Amino acid sequence: MIKSITGTKDILPAEIPYWQRLESIVEKIFSSFNYKEIRTPVFEETNLFVRSIGEETDIVGKEMYTFNDKSNASITLKPEMTASVARAFIEHSFGKLQPLNKFYYISPMFRQERPQAGRQRQFHQFGGEALGSASPLLDAEIIIIAFRILASLNLKDLTVKINSLGVPSSRENYKNILRNHLDGKKNQLSEDSRKRFDKNILRIFDSKVESDQEIIKDAPVLIDFIDEESKKDFELVKTLLKQSKVPFEVDTKLVRGLDYYTKTTFEIVSGKVGSQNALCGGGRYDLLIEQLGGAPTPGVGFAAGMERILLACQNEKSLNLPGEKIDLYITRVDEDLTQKVFELAVYFRQESLIVEFDYLGRSVKAQMREANKLNARFVLFVGGEEFKSKKLILKIMATGEQKEYPLEELNEIKSFIYDEVYKSYPNY
RNA sequence: GUGAGCGUAGCUCAGUUGGUUAGAGUAUCAGGUUGUGGCCCUGAGGGUCAUGGGUUCAAUCCCCAUCGCUCACCCCA
């Protein structure tokens, strides 16, 4: 049997309502902040990701789906979206059309890692990017949007963590201070952390090894060494978040793994999804656009993992979706009326009702069982006796009551169903 | 890439201290009198017990390998 590729999953009809609910909330909330949707290709020139995410990162170093196409160009399936949005922003000269551009997206992403709870090789993210302003108003806005989407899904077990990485010069300065501080204890660190010491010393703070945590407990923290402007901006972000009633905590150890971040970074974690607990993460990247060859353009954004969010919703039972219903099931009493049933179904479907009937030539009882299973609100009987006298019977499934209609008056049946459906679902 | 656990019907799982026709619940299909659902009852179909090899008179059960799944590490959404 051919199965889906490791780390990929089919999203089956039964789960689709949850995805659609999530997507519609994403669209609604981004739209209210006037972000515009953007869709980019699933693959890009490999170099785009190498240059934006950073050669030393794990994503670029070992997780990308990279291959050569027939003209021998190196192609990569997108592992994240910010690089692609930045590329499109530069390519289509958005910066020249207007000073500030706000985008959102919903898209599959690809990373070749070992799958586990909340992690797949093809997964889906939504996210937003605001390009063209260094104002902390946008840092706060981005965090508020992310939080509001999760809150709209009724998720409770959430922690918003924020931090500031400052500008590169102050960060480099701090790295030296940290390096000096840890130098004497380097060989007490875990093997992984010793590697981090040389490659990306900030990441030692992420270590889950207890002895590492012990060693860095009293190390100087980045936030105390960042430049004045970054400090001021960070204060404003915190004030704005408080104003908007977004609960957050400052996590001075929050260091994100992508090279392009500057100043504000944030993450929202859930206590309900296993060890891969980050539902979304993001921050400011004021140098990225320039680095990719565009005019200097500050930016801030975030990405959120949809599988993880839906996993949290499932584990918190936070989404209470109504059961699926169909409006009308048409039951054929005599076999030779199949064509008439088909004709009626096509007619009512044109009136935008959800209509089903039996294609398999089954008994009336089986058809009724099917109608019940599909949660049909109404059943229309097309049957010998009445049909000869040009009548149809409509059964209201909730009450069992039956009404008779002349075959000529399909309109009346339609209006009756409309009224009943509208009564129970005013927003139908 | 590393480590641990698991792989029996569509799904959730029993089971055999190795012995002839492998079970349950659920789902599916049919029926419970001639043309009507939900509950209930009856019956049916459905498994090369992941794959390949080994040990044995005999393997779904023991051993090895392969593949797959799951969780964790790394890292990230």
Side-chain angles (χ1 to χ4, degrees), chain A residues 1-9 12 14 53 56-64 78-82 106-127 146 150 190-193 195-196 199-200 203 206-209 255-258 266-270 273-282 301-312 329-335 337 358 360 362-387 393-402:
Chain A
M1 180 173 48
I2 296 177
K3 300 207 274 190
S4 72
I5 302 283
T6 297
T8 68
K9 275 192 174 140
L12 302 175
I53 300 169
E56 290 299 305
T57 61
D58 277 35
I59 291 181
V60 171
K62 54 184 199 191
E63 295 170 4
M64 295 204 301
K78 59 186 172 191
E80 60 111 41
M81 191 72 174
T82 303
I106 298 175
S107 171
M109 303 292 164
F110 306 83
R111 294 200 245 221
Q112 191 158 176
E113 303 176 84
R114 196 73 157 255
Q116 73 184 75
R119 188 163 70 193
Q120 294 169 210
R121 291 183 172 183
Q122 178 177 173
F123 59 103
H124 298 79
Q125 291 185 331
F126 65 80
L150 298 179
S190 67
E191 195 189 325
D192 280 334
S193 285
K195 274 187 210 148
R196 294 187 184 109
K199 256 174 68 180
N200 189 349
R203 300 213 62 89
D206 278 349
S207 176
K208 289 177 187 170
V209 181
V255 189
R256 314 222 69 251
L258 282 61
F266 82 102
E267 213 171 83
I268 303 180
V269 302
S270 164
V273 294
S275 84
Q276 303 302 320
N277 62 0
L279 298 188
C280 68
F302 79 96
M306 298 173 78
E307 281 83 359
R308 285 184 192 177
I309 289 171
L310 290 174
L311 189 61
Y329 190 92
I330 306 179
T331 298
R332 160 201 43 74
V333 175
D334 298 309
E335 187 100 30
L337 291 171
D358 172 60
L360 307 174
R362 292 191 286 192
S363 68
V364 173
K365 187 193 204 96
Q367 290 179 71
M368 287 306 289
R369 282 181 171 159
E370 182 75 4
N372 190 61
K373 203 173 68 189
L374 294 172
N375 277 318
R377 299 172 208 273
F378 301 95
V379 169
L380 190 65
F381 289 97
V382 184
E385 295 297 299
E386 312 83 39
F387 193 72
I393 292 171
L394 185 71
K395 177 165 185 166
I396 304 162
M397 291 296 271
T399 61
E401 180 194 348
Q402 302 196 159

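So you know, we letter chains A, B, ... as the sequences are listed, proteins then strands, and number each from 1. This is a predicted model, so every value here is computed, not measured. Computed over heavy atoms, backbone and side chain alike; hydrogens, waters and symmetry mates excluded.
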Whole-Å gap separating C1' (B:G68) and NZ (A:K3): 5 Å
A:T331 side chain near B:G35 phosphate (N/O to OP1/OP2, under 4.0 Å): no
Shortest side-chain distance from A:R111, nucleotide among B:C76, B:C29, B:G38: B:C76
Nearest-Å distance for atom pair CZ/P, residues A:R114 and B:A4: 11 Å
Sugar-phosphate only, base, or nothing, as touched by A:R332 at under 4.0 Å among non-hydrogen atoms: nothing
Any A:R362 side-chain nitrogen or oxygen under 4.0 Å from OP1 or OP2 of B:C29: yes
Atom pair distance, as rounded to whole Å: CE in A:M1 and P in B:G7: 17 Å
Reported CD-to-CZ distance for the pair A:Q276 and A:F123, which is rounded to 0.5 angstrom: 11.0 Å
B:G38 OP1/OP2 closer than 4.0 Å to side-chain N/O of A:R369: yes
Residues in side-chain hydrogen bond (donor to acceptor under 3.5 Å, both in side chains) contact with A:R196, at least two apart in sequence or another chain: A:S193
Shortest non-hydrogen contact from A:V273 toward A:R308: CG1-O, 3.5 Å
Residue mapping more 5' on RNA chain B - nearest nucleotide basis, A:M397 or A:A303: A:M397
A:R362 side chain near A:R369 side chain, heavy-atom distance below 4.5 Å: no
Minimum-distance nucleotide to A:D192 side chain [options: B:C29, B:C74, B:U36]: B:C74
Selection from B:G37, B:C74, B:C29 that lies nearest to any side-chain heavy atom of A:K365: B:G37
Beyond-backbone contact of A:K365 with A:M368, side-chain heavy atoms, under 4.5 angstrom: no
Interatomic distance, A:Q120 CD vs B:C76 C1' [rounded to whole Å]: 14 Å
B:C74 phosphate, OP1 or OP2, under 4.0 Å from A:R203 side-chain N/O: no
Atom P, compared across B:U33 and B:G37: separation rounded to whole Å: 10 Å
Sugar-phosphate only, base, or nothing, as touched by A:E335 at under 4.0 Å among non-hydrogen atoms: nothing
A:A117 side chain, from C-beta outward: closest of B:U36, B:C71, B:A77: B:C71
C1' spacing across the pair B:U48 / B:G3, given as an integer number of angstrom: 33 Å
Earlier contact from the 5' end, RNA chain B, for A:I59 and A:V333: A:V333
Length of the line joining A:I53:CD1 and B:C75:C1', which is rounded to integer Å: 13 Å
B:U42 to B:U60 separation - C1' atoms, rounded to the nearest Å: 32 Å
B:C74 OP1/OP2 closer than 4.0 Å to side-chain N/O of A:K62: no
Side chain of A:V364 (C-beta onward), nearest among B:A72, B:U36, B:C74: B:U36
Of the listed nucleotides B:G68, B:U36, B:C76, the one nearest the side chain of A:T6: B:G68
Phosphate OP1/OP2 of B:U70: any A:Q116 side-chain N/O under 4.0 Å: no
A:Y329 and A:Q367: CA distance, side-chain angles, deciding distance, side-chain contact (heavy atoms from CB on, under 4.5 Å) verdict: CA-CA 9 Å; A:Y329 190 92; A:Q367 290 179 71; 3.9 Å; yes
Interatomic distance where CD belongs to A:E401 and P belongs to B:G38 [whole Å]: 20 Å
Side-chain-base donor-acceptor pair under 3.5 Å for A:E80 and B:C76: no
Separation of atom CD in A:Q402 from atom P in B:G37, rounded to whole Å: 10 Å
Which atom of A:I59 lies closest to which atom of A:M64, heavy atoms considered: O-CG, 3.1 Å
Separation between the P atoms of B:C11 and B:G47, rounded to whole Å: 13 Å
Which nucleotide in B:G35, B:C29, B:U36 has an atom nearest any side-chain atom of A:E386: B:G35
Exercise: identify the closest heavy-atom pair between A:G383 and A:D334: C-OD2, 3.9 Å
Strand RNA chain B as a dot-bracket string - pairs counted if Watson-Crick or G-U with both distances under 3.5 Å, | where the partner lies in another strand: (((((((..((((.....[...)))).(((((.......))))).....(((((..]....))))))))))))....
Rounded distance in Å - CG (A:D358) to C1' (B:U36): 14 Å
Closest nucleotide among B:A30, B:C75, B:U70 to the A:K9 side chain: B:U70
A:R121/A:E113 ion pair, N-O < 4.0 Å: no
Residue A:E63, side-chain atoms from C-beta onward, closest of B:C75, B:A77, B:C73: B:C75
Polar contact flag, side-chain donor to acceptor under 3.5 angstrom, A:E370-A:T331: no
Whole-angstrom distance between B:A58 and B:G18, as gauged at atom C1': 8 Å
Test side chain to side chain donor-acceptor pair (under 3.5 Å) applied to A:S107 and A:E80, A:K78, A:H124, the passing residue: A:K78
Side-chain N or O of A:S363 closer than 4.0 Å to phosphate OP1/OP2 of B:A30: no
Sugar-phosphate only, base, or nothing, as touched by A:G274 at under 4.0 Å among non-hydrogen atoms: sugar-phosphate
B:G35 pyrimidine/purine six-ring stacking with A:F381, under 5.5 Å and 30°: no
Sugar-phosphate, base or nothing in reach of A:K373, heavy atoms under 4.0 Å: sugar-phosphate
Pairwise P distance, B:U66 and B:A14 [rounded to whole Å]: 27 Å
